[in-house]
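One structure below.
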Amino acid sequence: MPELPEVETVRRSLAPALEGAVVVSVRVDHPRMTRRQPRPRDFRDRLLGRRVNSVGRHGKFMLIDVEGDLTWVIHLGMSGRIRLEATGSDRVPHTHVVVGTDRNQELHFVDPRTFGFIAVFTPDEFDAQPFALLGPDALDDLPRYPQLIPRLANRTVAIKSLLLDQRFVAGLGNIYADEVLHRAHVRPGRPAGTLTENEVRLLRGSIGPVLRAGLRFGGTSLNDLAYLLPDGRAGEYLGRLKVYGRAGEHCGRDGTEITRTVIGGRSSFWCPTCQV
DNA sequence: AACGATCCCTGTTGGC
DNA sequence: TGCCAACAGGGATCGT
């Protein structure tokens with residue numbers, strides 16, 4: 001699934017292609033993909049002829065600054081992919097949106113499960129979106145642990161669920177949340193408010209290293225609906241995951257069999273020995 | 001307010 | 001081997 005490292009990997013390859021480029025064509029073949037656009041026609045109308053200033057990111061949302069005070073938002077959902085192709089290239093199945101630039105390139109938005117979306121918002125529209133309440137970016141703006149302690153206090157929700165709550169911190173998904181909890185020696189089901197100060201410190205300190213490791217390897221491509229880099233390469237972090245998807249295998253730290261439980265409706269993988 | 005449940009969607013997986 | 005139901009999951013929304 002595209003989480004922060006995957007989205008950041010995509011952002012980095014998209015930025016040089018889009019920044020300074022002018023949009024010369026827009027095609028939407030699947031109206032569901034622009035469902036967050038208050039008026040569906042705006043997506044095309046607002047991009048056509050406009051120059052892209054910069055390609056940013058907050059959590060798993062790609063935020064592309066477009067001239068005219070517009071923000072072009074791309075969320076990959078769980079099966080979304082971006083392909084960067086020469087103009088007129090073939091479209092793979094489930095290519096729902098194609099945006100062409102004056103550099104003879106096309107951005108293909110591919111999303112079999114259509115959980116992702118693509119839209120261009122004015123500032124007011126942007127602020128009205130639910131994701132305007134996104135928490136600090138897990139890579140760039142993570143608060144130091146003393147600031148996190150009061151935010152966990154008295155919370156009964158499982159710490160795993162809190163890590164997945166994008167209003168708490170933006171960017172972690174099911175894979176990296178499990179990896180972060182394993183690194184921090186914390187069980188995913190622990191009520192958030194029961195973490196000691198030291199555990200909060202460890203957890204806080206685990207987020208950056210885990211995300212940067214994922215980023216270093218170009219993200220995680222699972223074997224099914226693979227997340228792929230815009231040039232078609234697979235991310236190579238899958239083989240380096242410590243717990244996610246590894247039920248029945250042995251924990252690299254103590255050899256205990258990794259277990260799978262469901263927490264907050266999401267499968268969670270963890271070591272019953274070294275995660276307390 | 002906080003939290004859990006439900007829904008969206010379709011390729012893949014697993015059970016028979 | 002082949003079929004079909006169950007599963008997967010990010011985010012929004014709804015009910016308690």
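Just so it is clear: chains get the letters A, B, ... in the order the sequence lines come, proteins before strands, and each one is counted from 1.
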Value in whole Å for how far the P atom of B:dA1 lies from CZ of A:R151: 15 Å
A:I74 CD1 to A:L14 CG distance, which is reported to the nearest 0.5 Å: 6.0 Å
Minimum heavy-atom distance A:T114-A:S79, with the two atoms named: N-OG, 4.1 Å
Whichever of A:R155 and A:H94 has its nearest DNA chain B nucleotide further upstream toward 5': A:R155
Atom pair CD1/CG of A:I64 and A:L70 - distance to nearest 0.5 Å: 12.0 Å
Whole-Å distance separating the CG atom of A:L4 from the P atom of C:dG10: 13 Å
Minimum-distance nucleotide to A:V157 side chain [options: B:dC8, B:dG4, B:dA2]: B:dG4
Rounded distance in Å - CZ (A:F168) to P (B:dA1): 19 Å
Residue list, side chain to side chain donor-acceptor pair (under 3.5 Å) with A:S89, at least two apart or on another chain: none
Interatomic distance where CG belongs to A:N154 and C1' belongs to B:dA2 [whole Å]: 12 Å
Qualifying residues under side chain to side chain donor-acceptor pair (under 3.5 Å), relative to A:R187, sequence neighbours excluded: none
Axis deviation across the helix from B:dA2-C:dT16 to B:dC16-C:dG2, five-pair ends, to the nearest 10°: 60°
Closest non-hydrogen atom pair, A:L76 against A:V7: CD1-CG2, 4.3 Å
Side chain to side chain donor-acceptor pair (under 3.5 Å) contacts touching residues 61-78 of chain A (sequence neighbours left out): A:N53-A:D65
Close approaches to DNA chain C from residues 186-195 of chain A, in residue order (heavy atom, under 4.0 Å): none
Separation of A:I263 CD1 from A:I159 CD1 (nearest 0.5 Å): 11.0 Å
Value in whole Å for how far the C1' atom of C:dG9 lies from OH of A:Y176: 15 Å
Which residues share a side chain to side chain donor-acceptor pair (under 3.5 Å) with A:Q166, sequence neighbours left out: none
Gap separating the CZ atom of A:R190 from the CD atom of A:Q275, nearest 0.5 angstrom: 11.0 Å
Footprint string (nucleotides 11-16 of chain C, 5' to 3'): B base within contact, S backbone only, - free, heavy atoms under 4.0 Å: BSS---
Listed partners of A:N198 passing side chain to side chain donor-acceptor pair (under 3.5 Å), at least two apart: A:R201
Phosphate contact (B:dC3 OP1 or OP2) by A:S161 side-chain N/O below 4.0 Å: no
Please tabulate the protein-to-nucleotide N/O contacts below 3.5 Å involving nucleotides 5-8 of chain C, giving atom names and distances.
{"unit_1": "C:dA8", "atom_1": "OP1", "unit_2": "A:R260", "atom_2": "NH2", "d": "2.5"}
{"unit_1": "C:dA8", "atom_1": "N3", "unit_2": "A:R113", "atom_2": "NH1", "d": "3.4"}

Within residues 139-151 of chain A or reaching into it, pairs that qualify as salt bridge (Lys or Arg N to Asp or Glu O under 4.0 Å) - sequence neighbours excluded: A:R57-A:D140
Spacing between A:F115 atom CZ and B:dT10 atom P, to the nearest angstrom: 9 Å
Integer-rounded Å distance: C:dG9 P and A:I175 CD1: 8 Å
Members besides A:F121 in its Ile/Leu/Val/Met/Phe/Trp/Tyr cluster (side-chain heavy atoms under 4.5 Å): A:F61, A:L63, A:V73, A:F117, A:F126, A:F131, A:L134
Pair listing, side chain to side chain donor-acceptor pair (under 3.5 Å) test, anchored in residues 120-133 of chain A, at least two apart: A:R36-A:Q129, A:R46-A:E125
Rounded distance in Å - CZ (A:R81) to C1' (B:dT10): 15 Å
